[in-house]
> 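Dropping the structure in here first, questions after.
Since the model is a prediction, treat every value here as computed from it, not as a measurement. Lettering follows sequence order; numbering is per chain, from 1.
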Amino acid sequence: MGIAAIQATLPVEKSGVGKSRPAGKTRTLILLPGGGGGAYGRMSHHMTHFPSDPFAKMPRPVIRRLIDAVPTAVLPMAAGIGLSALVAPQPDAAMSLLRGLAVTLLLTLPSLAVGTALGTLAGSWAAVAPRSAGGLAGRLLAGAGALLPGFLLAALAALAVRVGASAAPLGWTALSVPAACQAARLALPAMERALGSGPEGGAVRMARGLGLDERTVLRHHALPQAVAPVMGGLRAAVLAAMVGSVALESLLDLPGAGALMIDAARVGSAAGAVPALVALGGLTALLNALGLGVRDWIDPANHSSTPYQGA
Amino acid sequence: MAEFDQPPLSQPEPQPTGFARGLSGAAVLAALALAAAAAPLMADGSALHRLDADPVAAALLDGRGSLSFALLAAVLGGALGIGWALLAGLAGTLVGKGAERRIVIAAQRMAGWPLALLVPLAGGLLGQVWLLALVTALTAAPAVAALAHAELSVLMRAEFLTAARAAALPEREVLRRHLIPNLMRPLLAAGTLALPRVLAAESFASLLGLGLPPTLGSWGASVGLAARLGDPVAFAPPALLLALALWAACAIADGVAAGVRKP
């Protein structure tokens, strides 16, 4: 396999790490199937993939998104806890709210992570092998999103717990299913576009043309294109998980921030309910920022200045 | 490369699935509404709220409260959201693009907050149904406003408007003959987005016992009660009907949006 050298006039691209190339300049795109070489621009960014050890250090886009989220996420949480300490009737209300936020985070974050990962894989597989069992599961998840709201699944989990099932796995499952549905709904068309004959399928066609094996093509060139829209659309999944978590906490009497808010609302105590609501808004913003940070990290468009490392 | 990017001629044209989906959603929702309206004929109305009553008939009766409240709140929420978007457009014309951008960004940011949590809070703290409807409508309004403003922005940049102005058509005529007729469908599409949101928000609040009063009936309240009592027979009918109604409302919103979008 030789070196593929393509000359093209490439536009400036938004770079996730603040590096961009001048507009309208002719660049030589050098693609080395075995590794090495440099590549910039619209064609080259598809030819990159995840870092070899992505978890060795926290990626810069995630850190930047978390820093950006301080005013919208951390401040509401701090304000909610402070407000709770000032106006709530119970003396230890602030500590209860802090513990409640930790419980809510413990319920929502793993559910979102697992649900989104499984939904993305199932949705992507539905585009690769639509008639396989995984593909059918992906299509089922993608089509069932509206049928399975988080609070209804939380009620189903509460019913199962009442008749003797274990609370923790059911609760996490109930909260992860809406996230999986949302992820599959977004990943399926994105993967179809990445594997299709349109302009977004150029990276996969080029990788196949370079002789990379199908598993490498799917993993390094198609899957990142399916994951990026999922992480961008995580906001709906976060909202569903938050609402489901509040329902679950309240129905199962878990000591989460949502249960604190609902208990206070039941007795008509605005001083107990409003701080919890403000803090839950901050937690939602934090989860959204985390999702956007992961999106920025994974999105192939943000790796345009990353040297192509081969498969 | 150009010919490589072209889809093969044998590839069939994409089918307009959005319209069919919206039509099936409308049919399902109409069937649910008719069944809920006819529910009192199925059994003695006084027996329906007893726990030993027929759960299907009781669930259908509950659908009257859920669907009518959702319709009311959706109309309110859609109107509020569309008004918000029009206000942003007006602010852009009268004050400047900065004001328009600030109003729209506020809607977008609010749409990212868990506004559905406001509904049980309002149910617990305010208690009255009309206030609950207003708060439920407010939870849907920012998303409607963001979508309506996006559709409005696309329409304002349309070529036929530029052509009409270039042909020296008076601004009033442009508004009457081109803008308003073409504005209806996108705004309707944005407004229908409120229906699944308010139905879900009301059901969530009722599930926690902080939504509609028991006299009105609600699928969410029945689901919550059955979940607390651990009664699967009482749980299944309202849960299935609620899931079906949510799917239908989402399908209608998707279908109307797909009908507005050009291929």
> Where do B:Ala116 and A:Val243 come nearest, in terms of heavy atoms and distance?
CB-CG2, 4.0 Å

> Any idea which heavy atoms bring B:Gln108 and A:Arg235 closest together, and the distance?
O-NH1, 3.2 Å

> Measure across B:Leu210 and A:Ile262 and return the closest heavy-atom pair with its distance rounded to 0.1 Å.
CD1-CG2, 3.9 Å

> Could you look at B:Phe235 and say if it's the side chain, the backbone, both or neither that has a heavy atom under 4.5 Å from chain A?
side chain

> Heavy-atom distance under 4.5 Å to chain B: side chain of A:Leu239, backbone, both or neither?
side chain

> If you count heavy-atom pairs under 4.5 Å between each of B:Ala249, B:Ala227, B:Gly220 and chain A, which one has the most?
B:Ala227

> Determine the option with the most heavy-atom pairs under 4.5 angstrom with chain A, choosing from B:Cys250, B:Pro120, B:Ala200.
B:Ala200

> Which one of A:Ser250, A:Ala154, A:Ala247, A:Pro149 has the most heavy-atom pairs closer than 4.5 Å to chain B?
A:Ala247

> If every non-hydrogen atom of A:Thr284 is compared with every non-hydrogen atom of B:Pro114, which pair is closest and at what distance?
OG1-CG, 3.4 Å

> Can you confirm whether A:Leu148 sits close enough to B:Leu246 that some side-chain heavy atom of one is under 4.5 Å from a side-chain heavy atom of the other?
no

> Looking only at non-hydrogen atoms, find the nearest pair between B:Leu121 and A:Ala265 and report the distance.
CD1-CB, 4.1 Å

> Would A:Arg266 and B:Leu208 count as a side chain to side chain contact (heavy atoms under 4.5 Å, CB included) if you check the C-alpha gap in whole Å, the side-chain angles of each, and the deciding distance to 0.1 Å?
CA-CA 9 Å; A:Arg266 279 206 182 104; B:Leu208 299 172; 4.1 Å; yes

> Determine whether A:Thr72 and B:Trp113 satisfy the following criterion, side chain to side chain contact (heavy atoms under 4.5 Å, CB included), listing intermediate values before the conclusion.
CA-CA 10 Å; A:Thr72 53; B:Trp113 275 61; 5.6 Å; no

> Heavy-atom distance under 4.5 Å to chain A: side chain of B:Ala122, backbone, both or neither?
neither

> What's the verdict on side chain to side chain contact (heavy atoms under 4.5 Å, CB included) for B:Phe204 and A:Val246, showing C-alpha distance, side-chain angles and the deciding distance?
CA-CA 10 Å; B:Phe204 165 64; A:Val246 171; 3.8 Å; yes

> Using side chain to side chain contact (heavy atoms under 4.5 Å, CB included), reason through B:Val223 and A:Leu156 one step at a time and then give a plain yes or no.
CA-CA 9 Å; B:Val223 167; A:Leu156 188 62; over 6 Å; no

> Closest approach of B:Arg228 and A:Arg162, non-hydrogen atoms and distance?
O-NE, 2.9 Å

> With a 4.5 angstrom heavy-atom cut-off, which part of A:Val163 approaches chain B: side chain, backbone, both or neither?
side chain

> Is A:Leu252 in contact with chain B via its backbone, its side chain, both, or neither, using a 4.5 Å heavy-atom distance?
neither

